[in-house]
Peer 1: 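My questions will all concern the structure given below.
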Amino acid sequence: QVQLVESGGGLVQAGGSLRLSCAASGNAISTMTMSWYRQAPGKQHELVAFTTHDGRIYYEEEVVKGRFMISRDNGKNTVSLQMNSLKPEDTAVYYCHAERPFTGENFWGRGTQVTVSS
């Protein structure tokens, strides 16, 4: 079992920045793909970004548009999402996700709310 706890969400004005963090416990994330998803009101979950155990990074460009950066610190067992130039459309609950390659075992955090005002 992997427990994921997100933090860093809040209310920010358009154009502002937030840094989300995901603290993992129960297992090391060093062998896992770590992702950030989000769910806006009335919408399905959508991928924001992920980083693999070997350091590969992927951004969902339709969502990120060059504004966000994902990073991981395996020593601290954390994953972060730096979000810049935030827009009201970024308002959503942001979820941390961990997945073990090959087995497909995956785990979700409970989310942190990000609200961007106009």
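Bear in mind that the values here come from a model prediction, so they are computed numbers and not experimental data. The analysis underlying the following values was restricted to heavy atoms, covering all of them including side chains, and did not include hydrogens, waters or symmetry mates.
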Peer 1: Could you state the interatomic distance from CD1 (I70) to OG (S80), rounded to the nearest 0.5 Å?
Peer 2: 9.0 Å

Peer 1: Show the numbers, then the answer: is there a side chain to side chain contact (heavy atoms under 4.5 Å, CB included) between V48 and L81?
Peer 2: CA-CA 9 Å; V48 177; L81 183 70; 4.1 Å; yes

Peer 1: Exactly one of R100, E99, H97 should register a side-chain hydrogen bond (donor to acceptor under 3.5 Å, both in side chains) with N106. Which one does?
Peer 2: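 For N106, the side-chain hydrogen bond (donor to acceptor under 3.5 Å, both in side chains) test succeeds with only one of R100, E99, H97, which is H97.
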
Peer 1: Is it the case that one hydrophobic cluster holds both L11 and V93, taking links as side-chain heavy atoms less than 4.5 Å apart, direct or via other members?
Peer 2: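 Different clusters: L11 never reaches V93 through Ile, Leu, Val, Met, Phe, Trp or Tyr contacts under 4.5 Å.
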
Peer 1: Is the distance from the ring center of H45 to that of Y95 below 6.0 Å?
Peer 2: yes

Peer 1: Kindly indicate, with the supporting measurements, whether the criterion side chain to side chain contact (heavy atoms under 4.5 Å, CB included) is fulfilled by V116 and E89.
Peer 2: CA-CA 8 Å; V116 184; E89 306 87 79; over 6 Å; no

Peer 1: Does R67 reach the side chain of K87, with side-chain heavy atoms less than 4.5 Å apart?
Peer 2: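 Yes, their side chains come closer than 4.5 Å.
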
Peer 1: Would you say T51 and T33 make side-chain contact, with heavy atoms under 4.5 Å?
Peer 2: no

Peer 1: Do other residues, nucleotides or ligands put more than 12 heavy atoms under 6.0 Å from the CD atom of Q44?
Peer 2: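 Not buried by this count: 12 neighbours or fewer within 6.0 Å.
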
Peer 1: Among Y59, Y37, F68, Y58, find the residue that satisfies the ring pair (Phe, Tyr, Trp, His ring centres under 6.0 Å) test when tested with F50.
Peer 2: Y58

Peer 1: Establish, from distance only, whether the side-chain atoms of N84 and S17 form a donor-acceptor pair under 3.5 Å.
Peer 2: yes

Peer 1: Please round to the nearest 0.5 Å and tell me the distance separating atom CE of M34 and atom CD1 of I29.
Peer 2: 4.5 Å

Peer 1: With a 3.5 Å distance limit and no angle check, can you tell me whether T112 reaches the backbone of S7 through a side-chain donor-acceptor pair?
Peer 2: no

Peer 1: So, for S118 and P88, which heavy atoms are closest and what is the spacing to 0.1 Å?
Peer 2: OG-CG, 3.8 Å

Peer 1: Salt-bridge test for R38 and E46: reply yes if a basic N is under 4.0 Å from a carboxylate O, no otherwise.
Peer 2: yes

Peer 1: Does any non-hydrogen side-chain atom of Q82 lie less than 4.5 Å from one of L18?
Peer 2: no

Peer 1: Are R72 and T78 close enough, and set up right, to give a side chain to side chain contact (heavy atoms under 4.5 Å, CB included), and what steps lead you there?
Peer 2: CA-CA 6 Å; R72 66 193 297 153; T78 60; over 6 Å; no

Peer 1: Testing the basics here: between R19 and S71, what is the closest heavy-atom pair and its distance to 0.1 Å?
Peer 2: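 Smallest heavy-atom distance, with atoms named: NH2-OG, 3.6 Å.
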
Peer 1: Please report the shortest heavy-atom distance between S25 and N77, naming the atom on each side.
Peer 2: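 Closest approach of S25 to N77: N-ND2, 4.3 Å.
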
Peer 1: Do the side chain of D73 and the main chain of K76 share a donor and acceptor less than 3.5 angstrom apart?
Peer 2: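 Judged by distance alone, yes, a pair lies under 3.5 Å.
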
Peer 1: Can M69 be reached from V64 by stepping across I, L, V, M, F, W or Y side chains whose heavy atoms are under 4.5 Å apart?
Peer 2: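 Both belong to a single hydrophobic cluster.
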
Peer 1: Quick one: OG1 on T115 to CD on Q13, what's the gap to the nearest 0.5 Å?
Peer 2: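 So the gap between those two atoms works out to 13.0 Å.
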
Peer 1: Where the side chain of N27 meets the backbone of Q3, is there a donor-acceptor pair that is under 3.5 Å apart?
Peer 2: no

Peer 1: Find the distance between CG (L20) and SG (C96) and round it off to the nearest 0.5 Å.
Peer 2: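 Here the interatomic distance stands at 10.0 Å.
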
Peer 1: Side-chain contact, heavy-atom cut-off 4.5 Å: V2 with E105?
Peer 2: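 No, every pair of side-chain atoms sits at 4.5 Å or beyond.
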
Peer 1: Step by step, work out the side chain to side chain contact (heavy atoms under 4.5 Å, CB included) result for L47 and S35.
Peer 2: CA-CA 8 Å; L47 176 69; S35 304; 4.1 Å; yes

Peer 1: Nearest 0.5 Å, please: how far is CD in E60 from NZ in K65?
Peer 2: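 Those atoms lie 9.5 Å apart.
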
Peer 1: Can you confirm whether R110 is buried at CZ, in the sense that more than 12 heavy atoms of other residues, nucleotides or ligands lie under 6.0 Å from that atom?
Peer 2: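 It does not: R110 CZ has 12 such atoms or fewer within range.
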
Peer 1: Using modelled atom types only, decide if a donor and an acceptor are shared between the side chain of Q39 and the backbone of K43 within a distance under 3.5 Å.
Peer 2: yes

